[in-house]
Amino acid sequence: MEKTNFTLKGIRADEMSFKLNAVRAQNGTKMELKPTFSRKVRRAVENEKICFVTLTVKIEKTDDQPKPFDLCVTFTGVFESDASTDAEKRAVVIGGTALLYPYLRAAVTTLTTAALAAPVVLPVINGSIFPEDREPASGEMYS
């Protein structure tokens with residue numbers, strides 16, 4: 001992977017929501033939470049050096065998979081870099097994602113604890129969260 005220097009300029013919590021569902025596990029079975037992750041990447045129009053990486057984790061009930069609660073946490077990081085090539089821009093996004101994930105992870109644990117639910121601790125991830133980050137860059141992914 002291409003290496004490039006970047007600076008974290010700031011982090012903000014865009015959304016932190018928790019909603020209790022009236023669902024109970026049957027006969028002592030455990031419900032799988034199965035969090036889903038998504039990412040959005042934007043570049044600042046007025047300054048090409050600024051990149052916004054937004055990470056979201058959701059735990060939501062469905063008709064076939066009940067969950068004890070619905071949860072959504074979204075954080076955005078603002079990064080500055082001199083990345084000019086697609087490979088360098090991709091490296092900033094991957095590095096920025098890795099930098100934001102521990103904050104997202106801590107927020108999920110804090111939110112579930114504050115809601116007096118069993119604390120949810122997302123796994124420590126050593127490497128890429130998203131499969132597309134593990135593959136070689138193809139085309140212009142992050143411009």
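Side-chain atoms are counted along with the backbone in the values below, which use heavy atoms only and exclude waters and symmetry mates. Note that the structure is predicted; figures quoted are calculated from it, not measured.
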Exercise for review: Check whether Ile125 and Leu122 end up in the same hydrophobic cluster, where Ile, Leu, Val, Met, Phe, Trp and Tyr are linked by side-chain heavy atoms less than 4.5 Å apart.
Suggested key: yes
Check your understanding: Do Glu80 and Lys49 sit within salt-bridge range, that is, some charged N less than 4.0 Å from a carboxylate O?
Key -> no
Exercise for review: Report yes or no: do Thr54 and Arg39 form a side-chain donor-acceptor pair below 3.5 Å?
Suggested key: no
Check your understanding: Please walk me through it: do Val57 and Thr36 pass side chain to side chain contact (heavy atoms under 4.5 Å, CB included)?
Key -> CA-CA 6 Å; Val57 60; Thr36 58; over 6 Å; no
Review point. Going through the checks in order, is the side chain to side chain contact (heavy atoms under 4.5 Å, CB included) test met by Asn21 and Lys19?
Key: CA-CA 6 Å; Asn21 295 326; Lys19 179 182 170 245; 3.9 Å; yes
Exercise for review: Would you kindly say whether Asn5 and Asp82 are connected by a side-chain donor-acceptor distance under 3.5 Å?
Suggested key: no
Review point. Just how far is it from atom CG of Leu20 to atom CG of Leu71, taken to the nearest 0.5 Å?
Key: 12.0 Å
Review point. Are the charged groups of Asp14 and Lys40 less than 4.0 angstrom apart, N to O?
Key: no
**Study point:** Same apolar cluster: Val41 and Leu8, side chain cutoff 4.5 Å
**Key:** no
Review point. Measuring from Met16:CE to Thr74:OG1, what's the distance to the nearest 0.5 Å?
Key: 10.0 Å
Exercise for review: Apply side chain to side chain contact (heavy atoms under 4.5 Å, CB included) to Phe37 and Leu55, showing your working.
Suggested key: CA-CA 7 Å; Phe37 296 90; Leu55 292 182; over 6 Å; no
Check your understanding: Taking the six-membered ring for Trp, are Phe6 and Phe79 ring centroids under 6.0 Å apart?
Key -> yes
**Study point:** Common cluster, Leu104/Leu99, ILVMFWY with side-chain heavy-atom separation under 4.5 Å
**Key:** yes
Check your understanding: Is the gap between the ring centers of Phe69 and Phe18 under 6.0 Å?
Key -> yes
**Study point:** Side chains of Lys61 and Asp70 in contact at under 4.5 Å (non-hydrogen atoms)
**Key:** yes
Revision key, fill the gap. Of all heavy-atom pairs linking Arg105 and Val121, the shortest is NH2-CG1, 3.4 Å
Review point. Would a 4.5 Å heavy-atom cut-off, applied to side chains only, mark Gln65 and Lys34 as touching?
Key: yes
Point to revise | Phe52 CZ: over 12 foreign heavy atoms closer than 6.0 Å | key: yes
Review point. If you take all heavy atoms of Thr109 and Val120, which pair is closest and at what distance?
Key: OG1-O, 2.8 Å
Check your understanding: Does Val93 belong to the same Ile/Leu/Val/Met/Phe/Trp/Tyr cluster as Ile129, with side-chain heavy atoms less than 4.5 Å apart forming each link?
Key -> no
Check your understanding: So, for Lys67 and Ile59, which heavy atoms are closest and what is the spacing to 0.1 Å?
Key -> CD-CG2, 4.2 Å
Review point. Would you say Leu100 and Ile94 are hydrophobically clustered, going by side-chain heavy atoms of ILVMFWY under 4.5 Å?
Key: no
Review point. Does CG in Asp64 sit with more than 12 non-hydrogen atoms of other residues, nucleotides or ligands closer than 6.0 Å?
Key: yes
**Study point:** Lys/Arg-Asp/Glu bridge criterion (N-O < 4.0 Å) met for Lys89, Glu48
**Key:** yes
Review point. So, for Cys72 and Thr56, which heavy atoms are closest and what is the spacing to 0.1 Å?
Key: SG-CG2, 3.9 Å
Check your understanding: What are the two closest non-hydrogen atoms of Pro119 and Thr112, and how far apart are they?
Key -> CA-OG1, 3.5 Å
Check your understanding: What is the distance from atom CZ of Phe130 to atom OH of Tyr101, rounded to the nearest 0.5 Å?
Key -> 10.0 Å
